[in-house]
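This report concerns only the one structure given below.
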Amino acid sequence: MTPELLAPAGSPAALQAALDHGADAVYLAWGAFNARRGAQNFSEEEFAKAISDCHLRGVRVFLTLNILLSDRELPAALEAARTASRLGVDAVLLQDWGLFRLLRQVLPDLPLHASTQMSLFTSGGANEVAGDGCERVVLARECSAGETAAICRNCFAEIEVFIHGALCMCYSGQCSMSAILGGRSGNRGRCAQPCRLPYGVNEPAGKKRPLSLKDNCLAPYLGQMEDMGVACLKIEGRMRRPSYAAAVTEVYARLLREKRVPTEEEQALLEQAFSRSGFTDAYWMGRKGSGMFGFRPETASALLEAPPPSKEERRIPVRFSCRVEGVGIPTLLTAKDEDGHTVTVTGAPPEAARNRSLTAEDLAARLGKTGGTPYRCAGTEALVEPGLSLSAAAVNALRRDALAALSAVRTAPPSRRECFPPPPLPEIDKAQAEPQFTISVASAAQLTGGLLDFRPARVYVPLELLAELSALPEAGTEWCALLPRVWRDQDEDLLRRWLDRAKDLGVTGALLGNLGHLPLVRGSGLRLYGDYGLNVFNSHALAYLRDKGLDSACLSFELRFSQMRDLQKLLPAEAIIYGRLPLMITENCLMQTRSGCRCHEPNFLQDRTGAAFPLLPAFGHRTEIQNSRCLWLADRRDWRHLGLAYARLRFTTESPAECVQVCRGYQEGTGAAGEFTRGLYLRGVE
C-alpha cells in the first residue's frame with residue numbers, strides 16, 4: 001500500500017500550497033500548545049476552515065499538541081483537543097504522558113499519534129505506547145532503514161518516518177540546551193536553535209558548527225519504505241515558507257505516484273527550496289560522521305515559486321448515476337466518490353420533448369461539466385426514457401445539488417464519544433516532609449567509601465559500568481541500574497544479560513529514562529524508577545507512570561520549584577538538586593576524529609563566550625553534552641519543602657574527592673565555590 005504523504009502547514013498559505021501539490025495529509029497547529037509556537041499557525045476560524053477544506057479534498061488533518069504541559073495548562077489543552085475532535089480533526093500528535101492519559105479517558109474515539117518528541121526508537125517502545133492507545137508512532141529521525149523495518153514488522157501500530165527536512169542534533173524530546181542556556185524550551189515549542197551556532201571541540205569556537213546537521217532527504221528510498229510497511233512519510237518544515245511546502249510536497253507526491261527515484265532536476269528543486277550545504281541520508285543508511293554536518297549561510301535565498309500543480313490530478317473522482325423516467329416524475333441523481341460516500345438528490349421532472357429528445361449521451365455530457373469544483377467526473381450511468389426533455393439549467397442544478405450534498409457528507413465530522421468532566425486523580429499522596437538523598441555516578445572511581453558514608457537512599461550506576469564490576473561495595477543503600485537512555489532493538493539481548501549480571505551483584509532497582517525500557521525490565525523482579533528522560537511535567541504524567549508499574553519518578557528539571565510543589569505526588573517524586581544538567585544526547589560521537597576516537601579522555605564543547613561544556617561518552621558510541629556550570633542548591637532550603645521523596649546529586653566529571661566534598665556541602669548547607677547555576681527551578685522556561 002502506498003504510504004500517506006504528510007506535509008507541513010505552518011500557516012493557511014502553506015496549507016493551501018500543500019493541498020495544491022499533492023499532500024495526502026497535513027499537520028498544523030492551533031492554539032498555544034505545539035512544538036512550533038513560532039510559526040504563524042491558525043486561528044480558530046482558520047482551523048475549522050482548514051479541516052473542512054482538507055476533508056472536502058480527501059486530505060486528512062492532524063493537530064499538533066506535542067509539548068510538555070503543566071497542571072494549569074492541561075484543562076486548556078483538553079478543551080483544544082475536544083474542539084478539534086468536534087470539528088473532525090483526524091488525529092492529535094502528543095508528547096506529554098499526562099495529556100495522553102487524559103485524552104484516552106475523555107475522548108476515547110479520538111485517534112492519537114505518538115510524536116517524535118516521545119523519543120521512541122525501538123519495537124518495545126513503539127508497542128508500549130501502541131498498547132496504551134496510540135494508533136501511530138512517529139519514530140526518532142536517527143533510526144536506520146534496518147531498524148525501521150524491524151519496528152514495522154514488530155509493532156502493531158502504524159509507523160511514520162520523517163523523510164525530508166531539518167535534523168536536530170539531539171534526540172527529539174531529550175534536548176534541554178535551549179532551555180538551560182536561554183530559558184526557551186524545545187520541549188515547550190520555543191527552541192532557539194543553539195545547535196546552529198559555532199562551537200569548538202576541545203578548542204575555542206571558530207567557524208565550525210559541530211552541532212549543525214544537514215537537512216534530511218530520503219527521496220531515493222520511498223519504494224524501500226513502502227516495501228517495509230511504513231504507513232506515513234512526513235515532511236518537516238512548519239517554520240518554512242509556503243513555497244517550500246509546495247515544492248517539496250510536489251516532488252515527493254510525484255515520486256510516490258510514479259514509483260521512482262528523483263531526477264537530477266527534482267533533486268536540484270529540493271535543494272533550491274531549502275538545504276544546509278546539501279542533504280544527508282546518513283542516519284537512514286546507518287552511517288554517522290562529518291559528512292552529515294552543514295549550515296545555511298545567512299545570505300542564502302529560498303525558492304520563490306513552486307511548480308504549478310496539475311489541477312485535474314488533484315480533483316476528486318466522482319461517478320454519477322441518473323434516472324430520467326417520465327413526465328412528472330422527479331429526476332434522480334446519485335453521486336458516489338472513491339471513499340464510499342454516496343448521496344442521492346431529486347430534481348425537476350422532465351417534460352415531453354417538443355423537438356429533440358434527451359439522450360443518455362447528452363445527459364452524461366452535461367453532468368460531466370464539473371469545472372470550478374473540487375470534483376471531476378469519472379463516469380456516468382444514465383437511464384433516459386425516450387421522448388423526454390430536460391433543460392440544461394435543470395441538469396446543472398441537479399449536478400450542483402448532488403455535489404453540494406456529497407461535499408456535506410465528506411466534511412461532516414464523525415460522531416465521537418466524550419466523557420467530560422475528566423475523572424479525578426486517585427486520592428494518593430506520596431509527598432514527603434523531607435527528601436532522602438540519592439546519588440548517580442559516571443565512573444567506578446567515584447564509588448568510594450567516603451561517598452557511601454553519606455548514606456544515600458539509592459545509588460544509580462550505569463548498566464554498562466555494572467557489567468564491568470566484579471562486586472559492589474558494602475553499603476546501606478539500594479543499588480540501582482541506570483539503563484542507557486538510547487539504544488536499539490539489536491542491543492536488547494546484551495542489555496538483558498547485563499541486567500542479570502547486575503542482579504547477581506546485588507542490584508535491586510532499575511532507573512528507566514524511556515518508555516521502551518519497560519519491556520526490558522518487566523518480570524525482572526527489579527523495582528522500577530522513572531528518570532528525567534521521561535519528561536514528567538504534571539500530575540497526570542505521574543499517574544500514567546504509576547499505572548505502568550513505576551515506584552517513583554524523577555521530575556523534569558524544566559519545572560519551577562512552585563510547579564513541583566503543586567504536583568499531586570501520586571508517586572514518590574525525585575528531583576536533581578546537584579550536578580551538570582544534561583543538555584543533549586547525540587547519535588554522533590562528537591569526539592570522533594580522523595585518527596580515532598577520544599571518547600574516554602576529557603573532552604569539551606566551547607561556545608563563543610568561552611563556556612566549556614563537558615562531553616561524556618554514552619552507550620552505543622553516542623555523546624551526552626553536559627552544562628558548563630554545575631547546579632548548586634546546597635545553600636537553599638526551598639527544595640526540601642516541595643514534597644519530594646528523593647533529591648539527587650548527579651556526579652559526572654567530578655573527581656572522587658570532589659564527590660565527597662559536594663556531599664559534605666549538602667549536609668552542611670554551604671555555598672558553592674566558583675561559578676554555578678540554579679538551573680530553571682527559579683526562573684522557569686517559556
Side-chain angles (χ1 to χ4, degrees), residues 2 5 15-16 18-26 49-61 88 90 250 253-254 257-258 308-414:
T2 302
L5 181 60
L15 170 68
Q16 192 61 51
L19 283 175
D20 288 343
H21 289 81
D24 300 314
V26 295
K49 184 177 185 299
I51 293 176
S52 179
D53 290 349
C54 287
H55 286 177
L56 180 60
R57 299 176 66 166
V59 172
R60 301 208 294 165
V61 180
D90 294 283
E250 170 73 21
R254 191 186 305 142
R257 189 168 59 246
E258 298 174 7
S310 171
K311 294 187 180 296
E312 188 64 25
E313 288 179 351
R314 310 303 179 201
R315 294 166 69 191
I316 302 153
V318 60
R319 304 189 72 85
F320 293 115
S321 176
C322 191
R323 299 176 68 87
V324 183
E325 297 186 287
V327 174
I329 300 175
T331 305
L332 293 178
L333 177 61
T334 297
K336 182 177 182 180
D337 65 21
E338 59 185 358
D339 297 319
H341 302 111
T342 302
V343 296
T344 300
V345 297
T346 59
E351 299 175 350
R354 296 180 181 178
N355 297 307
R356 185 173 179 273
S357 298
L358 179 70
T359 66
E361 291 76 13
D362 293 336
L363 182 58
R366 293 176 185 175
L367 290 173
K369 296 178 180 180
T370 58
T373 75
Y375 302 98
R376 63 178 175 85
C377 180
T380 301
E381 295 179 3
L383 174 63
V384 182
E385 296 292 335
L388 299 176
S389 175
L390 192 64
S391 70
V395 175
N396 291 341
L398 194 66
R399 183 186 63 244
R400 284 196 301 269
D401 289 348
L403 293 181
L406 186 60
S407 295
V409 171
R410 290 178 64 85
T411 59

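Note that the numbering runs from 1 along the sequence shown for the chain. Predicted, not measured: the structure shown is a model, and the values here were computed from it. Values below: every heavy atom of this structure, side chains too, minus hydrogens, waters and symmetry copies.
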If you define the side chain from C-beta out and look only at heavy atoms, does anything of [X] sit under 4.5 Å from [Y]?
{"X": "Val324", "Y": "Leu363", "answer": "yes"}
{"X": "Leu333", "Y": "Leu367", "answer": "yes"}
{"X": "Phe320", "Y": "Leu398", "answer": "no"}

Do the side-chain N and O atoms of Thr334 and Arg323 include a donor-acceptor pair separated by under 3.5 angstrom?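 On atom types as modelled, these side chains do not qualify, holding no pair under 3.5 Å.
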For residues Thr411 and Ser52, is any side-chain donor paired with an opposing acceptor at under 3.5 Å? no
Indicate yes or no: does [X] engage [Y] in a salt bridge with an N to O separation below 4.0 Å.
{"X": "Asp20", "Y": "Arg57", "answer": "yes"}
{"X": "Asp339", "Y": "Arg410", "answer": "yes"}
{"X": "Asp337", "Y": "Arg319", "answer": "no"}

Compare every heavy atom of [Y] with every heavy atom of [X], then report the nearest pair and how far apart it is.
{"X": "Gly22", "Y": "Leu5", "value": "O-CD2, 4.1 Å"}
{"X": "Ile329", "Y": "Pro350", "value": "O-CD, 3.2 Å"}
{"X": "Ser389", "Y": "Ala353", "value": "CB-CA, 3.9 Å"}
{"X": "Leu390", "Y": "Ala348", "value": "CD1-O, 3.6 Å"}
{"X": "Val26", "Y": "Cys54", "value": "CG2-SG, 4.0 Å"}
{"X": "Pro349", "Y": "Gly328", "value": "CB-C, 3.5 Å"}

Using modelled atom types and a 3.5 Å cut-off, is there a donor and acceptor pairing between side-chain atoms of [X] and backbone atoms of [Y]?
{"X": "Ser391", "Y": "Ala394", "answer": "yes"}
{"X": "Arg399", "Y": "Lys369", "answer": "yes"}
{"X": "Ser357", "Y": "Pro386", "answer": "no"}
{"X": "Arg315", "Y": "Tyr375", "answer": "yes"}

Do you know which of Val61, Asp90, Val59 makes side chain to side chain contact (heavy atoms under 4.5 Å, CB included) with Ile51?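 Of the listed options, the one satisfying the test is Val61.
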With a sphere of 6.0 Å drawn around CD of Glu351, does it hold more than 12 non-hydrogen atoms of other residues, nucleotides or ligands?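 Open: at most 12 neighbouring heavy atoms sit under 6.0 Å from CD of Glu351.
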Rounded distance (nearest 0.5 Å) linking atom CG of Leu56 with atom OG1 of Thr373: 8.5 Å
Spatial distance of atom CD1 (Ile316) from atom SG (Cys377) [nearest 0.5 Å]: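 Going from CD1 on Ile316 over to SG on Cys377, the span is 13.5 Å.
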Could you go through the side chain to side chain contact (heavy atoms under 4.5 Å, CB included) check for Thr331 and Thr346 one step at a time? CA-CA 5 Å; Thr331 305; Thr346 59; over 6 Å; no
Would Leu358 and Arg366 count as a side chain to side chain contact (heavy atoms under 4.5 Å, CB included) if you check the C-alpha gap in whole Å, the side-chain angles of each, and the deciding distance to 0.1 Å? CA-CA 11 Å; Leu358 179 70; Arg366 293 176 185 175; 3.8 Å; yes
Side chain to side chain contact (heavy atoms under 4.5 Å, CB included), that's the test. Do Lys336 and His341 meet it? Break it down for me. CA-CA 6 Å; Lys336 182 177 182 180; His341 302 111; over 6 Å; no
Show the numbers, then the answer: is there a side chain to side chain contact (heavy atoms under 4.5 Å, CB included) between Leu15 and Leu19? CA-CA 6 Å; Leu15 170 68; Leu19 283 175; 4.3 Å; yes
